[in-house]
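Per chain, numbering begins at 1; letters A, B, ... match sequence-line order.
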2 protein chains.
Amino acid sequence: MRHYSTSLPNPRQACLCLRPVFGFEPPEVRERCPGDVDGVGSASSMSTGSRRPPVAAGDGKRIRDDALMLHDRDRAPGRRVTLEDVARRAGVSRAMASLVIREEPGPTSMTRSRVLAAARALGYRPDRRARSLASPTSRLIGVTFGGGGRFHFDLLEGLYAAAADHGYDLILSAVTPERGEQQALESLADFRFDGLVMLGPPVAEPGMAGSIPVAVMGWSVKDDSVDVVRTSDEHGMSLAVDHLVQLGHRRIAHLDGGSGLVAVARREAYVEAMGEHGLGDDVLIVSGGEDSLAGLRAAGKLLASAHLPTAVVAFNDDTAAAAVSLFAQEGIDVPGRISVIGWDDSHLAQNPDFDLTSVAQRPHEMARAAIERIVARCDGVEIEEREVVLEPTLVIRSSTAQPFVAIP
Amino acid sequence: MRHYSTSLPNPRQACLCLRPVFGFEPPEVRERCPGDVDGVGSASSMSTGSRRPPVAAGDGKRIRDDALMLHDRDRAPGRRVTLEDVARRAGVSRAMASLVIREEPGPTSMTRSRVLAAARALGYRPDRRARSLASPTSRLIGVTFGGGGRFHFDLLEGLYAAAADHGYDLILSAVTPERGEQQALESLADFRFDGLVMLGPPVAEPGMAGSIPVAVMGWSVKDDSVDVVRTSDEHGMSLAVDHLVQLGHRRIAHLDGGSGLVAVARREAYVEAMGEHGLGDDVLIVSGGEDSLAGLRAAGKLLASAHLPTAVVAFNDDTAAAAVSLFAQEGIDVPGRISVIGWDDSHLAQNPDFDLTSVAQRPHEMARAAIERIVARCDGVEIEEREVVLEPTLVIRSSTAQPFVAIP
DNA sequence: TTGAAAGCGTTACCAA
DNA sequence: TTGGTAACGCTTTCAA
């Protein structure tokens with residue numbers, strides 16, 4: 001009582017009794033949770049210490065009252081289930097239980113099923129902290145991300161899935177204007193991650209050396225100690241331009257994405273793609289940006305120009321959709337008067353109101369590639385090429401068609 | 001040698017030598033890092049074992065060779081600095097060093113400065129896993145977030161800062177379409193967080209019981225075991241409408257935010273605010289959404305209507321800016337012909353091209369409030385009210401002015 | 001004020 | 001195959 005009076009003023013972590021969603025409050029004892037008084041060290045809990053070895057009261061050592069009462073029926077209410085609990089319930093040692101949980105070879109199928117049953121019954125979930133602390137590899141992959149919008153969010157989703165498949169967990173750290181990349185990395189490093197994935201914002205030189213596997217997603221980087229996973233902008237742009245040229249377009253404009261690394265790459269790819277079709281003279285770049293508003297303004301500029309092109313390749317779906325909206329507002333038919341191509345094949349492109357032809361990068365596959373890279377390197381596999389370039393595809397929908405105006 | 005041949009196939013966590021950004025590779029030894037052979041268990045290290053107790057060789061116990069060689073000069077290269085290292089360098093016990101690092105009272109200023117100096121020299125950073133594992137409170141606050149865009153990102157930034165001020169760390173978990181709230185919470189729970197902040201997406205009933213402090217940000221929730229930190233939509237809307245009415249507007253429309261919880265609240269607040277000014281008959285709600293495209297379309301609908309209002313209150317800055325863009329495109333002067341008010345006072349509102357009058361919720365203050373709540377509850381402080389409602393302010397810029405059309 | 005030692009919940013080693 | 005036990009890096013208790 002003396003010992004615990006200050007250390008447990010309220011439930012906190014020590015009394016973590018969450019709803020069934022969490023799945024780690026054993027069904028058998030859940031009903032004891034709600035109204036229960038935190039009985040650690042209380043007189044009432046002492047009465048349950050029947051199995052407790054005869055220790056002289058006040059013998060000067062810190063008695064693990066709580067540990068001693070950890071028999072199935074006597075666990076402190078809400079106390080989280082540990083491997084120890086599982087092992088005891090299954091009647092095996094902790095080591096055995098550990099092997100079973102980690103699906104390591106060794107235990108007999110008999111042992112295995114007993115342990116598994118016990119774990120399920122108790123709602124056991126391993127403690128990631130203890131796990132990563134104990135093992136030489138933390139099985140934690142750090143992820144830095146910025147305000148990258150939907151696409152980064154999709155990447156995140158993919159990363160979670162891929163990491164889980166490899167038995168890794170993700171720890172995220174946001175990079176904000178106030179909180180630079182360095183700080184984000186430091187706070188991640190305090191968790192001792194095994195590998196790092198950087199989603200953004202795109203920086204020219206990631207602040208990491210080659211001591212730990214690092215993968216950068218979505219943009220290219222010169223530092224050759226990091227892996228790069230990206231979709232080929234060149235290929236994507238050439239798919240888009242090819243498609244339009246095949247339909248008969250020549251005057252194809254590009255609503256660009258501003259000054260970001262990705263925008264620059266796509267702009268250059270556009271120029272090149274046009275050149276390859278001998279359309280160098282028809283190059284028309286309208287400076288824009290990454291969001292719908294930038295797209296709106298760029299589309300406005302286009303409308304103000306003397307000679308409206310017959311097709312437009314936008315930087316992304318947001319800007320493309322904005323352009324389509326504006327065109328609609330102005331009574332300019334898409335694709336009748338002008339064809340529009342977006343990028344990312346996002347929900348916007350798939351939205352029936354827009355139904356945009358769009359260059360599709362598959363974020364989940366990119367994520368999978370990045371995780372596989374990292375995991376492989378963590379396992380000591382030597383990989384030569386530092387760059388994974390996925391080929392995008394062109395999803396053709398109803399925003400592109402043959403040009404209205406005949407080719408002069 | 002035998003023991004370690006398999007355990008260190010490649011650097012991994014065990015050889016975490018990062019760049020100076022990380023600040024935990026001691027300057028004095030950094031030059032030893034790159035080409036160094038992993039000397040664990042090598043003969044040379046044995047010569048430093050002077051403090052090693054006389055243990056018979058091969059006595060059947062696993063000897064901590066590496067621990068024994070942890071004198072300043074013999075640390076394994078790249079091995080991360082521990083409290084042990086700091087303590088040894090400062091010539092004190094680990095317990096002392098711990099107290100100093102945690103800024104607990106006890107150590108003399110002499111001890112304190114020695115330890116601090118050692119920590120700095122070695123570039124020490126505490127291991128969050130070990131720290132949270134050892135203490136009854138993990139000092140970890142879980143945060144779930146969704147694709148909430150810029151505003152959520154600003155909240156995140158504020159949360160980081162506020163948590164750090166209280167000595168807490170954040171662990172993030174994304175809620176995506178594929179990865180529900182439940183899964184996000186489970187993965188967080190494996191880190192044994194002390195408190196939880198939920199940023200989104202807004203759900204009617206957070207999947208948590210009252211066993212751990214939970215704060216929900218930005219939307220209201222009926223469950224009275226969670227704290228709610230939000231900005232008053234009622235107040236914000238009434239500021240906006242008041243401002244417009246004072247300028248002489250009567251026909252004030254609302255570009256709404258769709259069907260989200262927040263959008264509903266603002267829509268209702270709009271109706272009420274109009275009613276308070278006896279403008280119930282002038283209520284005009286244009287259904288929209290949360291992003292610029294929705295704003296664009298809503299503004300388009302507005303334009304198509306017979307009788308353009310003289311002012312518009314939008315759901316947020318994105319939709320407001322989209323409307324402004326469209327109006328500009330159509331030659332409708334803002335604020336000459338129509339006044340526009342946004343919400344969030346984001347970078348868009350502050351952008352000189354738009355210069356929007358906007359309802360400002362201060363995300364950093366909201367974040368601070370949420371963290372303070374959580375921390376207080378973690379410390380066992382009883383708090384009565386479960387809701388913190390911050391009053392927004394109206395930032396007046398150049399998108400609002402007196403109405404062009406006189407009141408009939 | 002300081003230090004020794006026990007513990008947190010795991011993993012990984014060893015010998016049986 | 002199994003179980004005992006030493007780590008992991010820290011916090012916390014208790015005695016000096």
Side-chain angles (χ1 to χ4, degrees), chain A residues 2-4 6-7 13-14 58-67 70 79-87 90-102 104-112 115 124-139 190-192, chain B residues 2-4 6-7 13-14 58-68 70 79-87 90-102 104-112 114-115 124-139 190-192:
Chain A
R2 183 167 40 88
H3 303 156
Y4 299 92
T6 58
S7 65
Q13 182 199 339
D59 67 345
K61 301 225 173 193
R62 181 189 171 203
I63 309 299
R64 287 205 58 208
D65 291 321
D66 49 341
L70 282 187
R79 192 182 153 294
R80 222 175 131 147
V81 180
T82 74
L83 191 57
E84 176 80 41
D85 301 328
V86 174
V92 299
S93 72
R94 225 168 54 228
M96 271 304 97
S98 177
L99 290 180
V100 173
I101 296 295
R102 282 178 293 147
E104 293 287 303
T108 63
S109 64
M110 171 62 180
T111 307
R112 205 170 283 280
V115 170
Y124 171 74
R125 296 200 109 222
D127 187 319
R128 305 289 324 189
R129 304 166 305 169
R131 189 170 250 203
S132 98
L133 188 59
S135 114
T137 148
S138 70
R139 295 197 91 80
D190 293 342
F191 284 97
R192 311 299 192 265
Chain B
R2 184 167 40 88
H3 304 157
Y4 298 92
T6 58
S7 64
Q13 184 199 340
D59 66 346
K61 305 225 169 188
R62 182 189 171 204
I63 308 299
R64 285 204 60 207
D65 292 322
D66 49 341
L68 293 170
L70 282 186
R79 195 183 149 292
R80 213 169 140 154
V81 181
T82 73
L83 192 56
E84 177 79 39
D85 302 327
V86 174
V92 299
S93 73
R94 223 167 59 226
M96 271 301 97
S98 177
L99 290 179
V100 173
I101 296 294
R102 281 177 294 145
E104 292 287 300
T108 63
S109 64
M110 171 64 180
T111 307
R112 203 169 283 280
R114 287 172 57 98
V115 170
Y124 171 74
R125 298 201 108 224
D127 187 318
R128 307 290 323 192
R129 304 166 305 171
R131 188 171 252 202
S132 95
L133 189 58
S135 117
T137 148
S138 71
R139 295 197 90 79
D190 292 340
F191 284 97
R192 312 300 194 261

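Nearest to the side chain of A:M96, among D:dT2, D:dC10, C:dT10, sits D:dT2. Residue A:L133 places its side chain closer to C:dG9 than to any other of C:dG9, C:dT10, D:dC10. The side chain of A:P136 sits closest to C:dA12 out of C:dG3, C:dA12, D:dC10. Proximity note for B:A130 (side chain, C-beta onward) versus D:dT11, D:dT2, D:dC10: the nearest is D:dC10.
Nearest-nucleotide mapping onto DNA chain D: of A:R94 and A:T111, the residue sitting toward the 5' end is A:T111. Residue-to-nucleotide proximity on DNA chain C shows that, of A:E104 and B:A134, the 5′-proximal contact is made by B:A134.
A straight line from CZ of B:R192 to P of D:dT11 spans 19 Å, rounded to a whole angstrom. The interatomic distance linking A:R139 (CZ) with C:dT10 (P) rounds to 16 Å, in whole Å. Between B:E84 atom CD and D:dC8 atom P there is a gap of 10 Å when expressed in whole angstrom units. The separation between A:L83 atom CG and D:dT5 atom C1' is 15 Å, rounded to whole Å. Atom CG in A:L99 sits about 9 Å away from atom P in C:dT11, given to the nearest Å. Here the C1' atom of nucleotide C:dG9 and the CG atom of A:D85 are 10 Å apart, to the nearest Å. Between the CZ atom of A:R131 and the C1' atom of C:dC8 there is a distance of 16 Å, given to the nearest Å. Taking atom CG of B:D127 as the reference point, atom C1' of D:dC8 lies 8 Å away to the nearest angstrom.
Rounded to the nearest 0.5 angstrom, B:R114 CZ and B:T108 OG1 are separated by 9.5 Å.
Side-chain contact between B:D127 and B:T82 is absent, with no heavy-atom pair separated by less than 4.5 Å. Using a 4.5 Å heavy-atom threshold, the side chains of B:V100 and B:R102 count as separate.
For the pair A:S98 and C:dT10, the criterion of a side-chain N or O lying under 4.0 Å from OP1 or OP2 is not met. OP1 or OP2 of D:dC8 has not a single side-chain nitrogen or oxygen of B:R80 nearer than 4.0 Å. In terms of phosphate contacts, A:R102 brings a side-chain nitrogen or oxygen within less than 4.0 Å of OP1 or OP2 of C:dT11. At D:dC8, none of the side-chain N or O atoms of B:T82 fall inside 4.0 Å of OP1 or OP2 (strictly under the cut-off). Contact check, A:T108 against D:dT2: a side-chain N or O comes under 4.0 Å of OP1 or OP2. The side chain of A:S93 places no N or O atom within less than 4.0 Å of a non-bridging phosphate oxygen (OP1 or OP2) of D:dT2.
Taking both residues in full, the closest heavy atoms of B:R131 and B:P126 are given as NH2-CG, 3.6 Å, listed atom of the first, atom of the second, then distance.
Of the charged side-chain nitrogens involved, none lies within less than 4.0 Å of a carboxylate oxygen, so that B:D85 and B:R80 do not count as a salt-bridged pair.
With hydrogens and angles ignored, the 3.5 Å screen pairs a side-chain donor or acceptor of A:R129 with a backbone N or O of B:S132.
Using a 4.0 Å heavy-atom criterion, one finds that A:R128 contacts no nucleic acid atom at all.
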